[in-house]
Engineer: 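First, the structure itself, so that you have it in front of you.
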Amino acid sequence: MSPDFTGAIAFSNPTISKREGEKKMTTDLVTYYGQTDLINRLVENYGAYLEKLNRETKLLLRTVLTNYVLMRERHEPSSYTLIEASRDALFVTFLGMDTPQLLVDICSQLNGLTTHEAETILEALQHQIRWGNARQVVN
């Protein structure tokens with residue numbers, strides 16, 4: 001299956017109408033931003049909205065994917081893996097924090113992830129963390 005990166009980027013407003021709410025639900029979908037075999041596998045394992053992942057895991061995954069994209073641009077793309085990115089990102093960010101097993105499992109499942117696919121997942125995570133099912137409710 002060839003990648004399909006034709007989905008539009010959506011920006012949401014926290015005060016939204018019913019129609020906009022339906023659009024928001026669509027933009028929470030990981031596959032809204034792009035769809036490949038790896039992304040389909042991620043969705044099969046963790047849900048179309050990655051609803052099986054909690055906020056902390058999504059934040060950690062976003063950190064790892066951001067590091068992965070940056071480092072693949074600085075190095076030979078095939079020489080840097082998502083597992084390495086997770087170790088590097090979490091070591092630097094959390095000063096030696098052990099990588100949670102769930103995050104290791106996700107990174108293993110996404111072995112061979114392209115930069116385009118990583119950015120697709122990053123867009124979905126960003127939307128979910130800011131507006132969707134991983135939003136932090138502030139009083």
Side-chain angles (χ1 to χ4, degrees):
M1 171 185 264
S2 62
D4 175 15
F5 295 104
T6 58
I9 307 297
F11 297 94
S12 295
N13 181 327
T15 56
I16 54 177
S17 68
K18 181 179 178 191
R19 183 172 178 209
E20 288 170 325
E22 291 168 3
K23 182 177 180 183
K24 180 181 141 326
M25 289 297 291
T26 302
T27 57
D28 281 353
L29 287 169
V30 176
T31 56
Y32 176 80
Y33 299 95
Q35 191 166 5
T36 66
D37 290 341
L38 273 176
I39 291 172
N40 286 341
R41 197 170 333 140
L42 180 71
V43 165
E44 286 171 15
N45 291 327
Y46 301 103
Y49 300 94
L50 300 180
E51 64 271 10
K52 294 179 183 175
L53 303 179
N54 63 24
R55 177 179 170 81
E56 180 179 334
T57 302
K58 288 181 180 187
L59 289 167
L60 290 171
L61 182 57
R62 182 174 66 172
T63 301
V64 169
L65 289 171
T66 300
N67 188 58
Y68 179 73
V69 169
L70 173 66
M71 296 308 287
R72 289 198 36 131
E73 288 185 12
R74 300 185 89 194
H75 299 286
E76 178 65 32
S78 63
S79 69
Y80 195 71
T81 67
L82 199 54
I83 293 290
E84 290 173 307
S86 70
R87 290 183 189 131
D88 292 347
L90 297 182
F91 180 78
V92 169
T93 305
F94 302 106
L95 303 174
M97 173 184 169
D98 288 334
T99 306
Q101 187 59 47
L102 178 58
L103 193 59
V104 171
D105 295 344
I106 293 168
C107 291
S108 295
Q109 291 169 21
L110 294 175
N111 186 37
L113 187 74
T114 66
T115 302
H116 232 57
E117 290 169 319
E119 289 174 339
T120 295
I121 297 167
L122 277 166
E123 289 180 78
L125 287 170
Q126 180 62 30
H127 192 272
Q128 290 174 12
I129 289 166
R130 180 72 172 125
W131 305 109
N133 62 7
R135 181 180 80 235
Q136 185 175 26
V137 179
V138 180
N139 293 330

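When a residue number appears, it is its place in the shown sequence, counting from 1.
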Engineer: Looking only at side chains, do Tyr80 and Asp88 share a donor and an acceptor under 3.5 Å apart?
Structural biologist: yes
Engineer: Between Leu102 and Leu122, is there a shared hydrophobic cluster once you connect ILVMFWY residues whose side-chain heavy atoms come closer than 4.5 Å?
Structural biologist: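 Same cluster.
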Engineer: Drop me the distance from Ile39's CD1 to Ile121's CD1, to the nearest 0.5 angstrom.
Structural biologist: 5.0 Å
Engineer: In the single-linkage hydrophobic clustering (I, L, V, M, F, W, Y; side-chain heavy atoms under 4.5 Å), do Ile83 and Leu65 co-cluster?
Structural biologist: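 Per the 4.5 Å side-chain linkage, Ile83 and Leu65 are not co-clustered.
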Engineer: Rounded at 0.5 Å granularity, tell me how far OG1 in Thr36 sits from NE2 in His116.
Structural biologist: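 It comes to 10.5 Å.
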Engineer: List the steps and the verdict of side chain to side chain donor-acceptor pair (under 3.5 Å) for Gln101 and Asp105.
Structural biologist: CA-CA 6 Å; Gln101 187 59 47; Asp105 295 344; 2.8 Å; yes
Engineer: Establish, from distance only, whether the side-chain atoms of Thr114 and Glu117 form a donor-acceptor pair under 3.5 Å.
Structural biologist: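 Present: a donor and an acceptor within the cut-off.
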Engineer: Does any part of the side chain of Tyr46, heavy atoms only, come nearer than 4.5 Å to the side chain of Leu61, both counted from C-beta?
Structural biologist: no
Engineer: Thr57 and Ile106: side-chain contact (heavy atoms from CB on, under 4.5 Å), yes or no, with the steps?
Structural biologist: CA-CA 10 Å; Thr57 302; Ile106 293 168; 4.2 Å; yes
Engineer: Starting at OG of Ser86, measure out to CG of Leu60 and round the result to the nearest 0.5 Å.
Structural biologist: 10.0 Å
Engineer: Who are the side chain to side chain donor-acceptor pair (under 3.5 Å) partners of Glu51, not counting sequence neighbours?
Structural biologist: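 Here no residue qualifies.
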Engineer: Do Arg41 side-chain atoms and Gln109 backbone N/O form a donor-acceptor pair below 3.5 Å?
Structural biologist: yes
Engineer: Do the side chain of Gln128 and the main chain of Tyr49 share a donor and acceptor less than 3.5 angstrom apart?
Structural biologist: yes
Engineer: For Arg130, does the CZ atom have more than 12 heavy-atom neighbours from other residues, nucleotides or ligands under 6.0 Å away?
Structural biologist: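 No, the 6.0 Å shell around CZ holds no more than 12 heavy atoms from other groups.
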Engineer: Roughly how far apart are Leu42 CG and Leu50 CG, rounded to 0.5 Å?
Structural biologist: 5.0 Å
Engineer: Applying a strict under-4.5 Å side-chain criterion to I, L, V, M, F, W and Y, I'd like to know whether Leu82 and Val69 cluster together.
Structural biologist: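 They do share one cluster, since a chain of ILVMFWY contacts under 4.5 Å joins Leu82 to Val69.
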Engineer: Nearest 0.5 angstrom please: Lys58 NZ to Arg55 CZ, how far?
Structural biologist: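 Between atom NZ of Lys58 and atom CZ of Arg55 there are 10.0 Å.
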Engineer: Would you say the side-chain atoms of Tyr68 pair up with the backbone N or O of Ala89, donor to acceptor, closer than 3.5 Å?
Structural biologist: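 A pair under 3.5 Å: no.
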Engineer: Return the minimal non-hydrogen interatomic distance between Cys107 and Val64, and the atom names on each side.
Structural biologist: SG-CG1, 4.1 Å
Engineer: Which heavy atom of Ala118 sits nearest a heavy atom of Leu113, and at what distance?
Structural biologist: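 In this case the closest contact between Ala118 and Leu113 is CB-CD2, 3.6 Å.
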Engineer: Quick one: do the Asn111 and Ser108 side chains pair a donor with an acceptor below 3.5 Å?
Structural biologist: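 There is no such pair (donor and acceptor under 3.5 Å, judged by atom type) between the side chains of Asn111 and Ser108.
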Engineer: Does Glu84 reach the main-chain N or O of Thr81 with its side chain, forming a donor-acceptor pair under 3.5 Å?
Structural biologist: yes
Engineer: Rounded to the nearest 0.5 Å, how far apart are CG of Leu103 and CD of Glu56?
Structural biologist: 10.0 Å
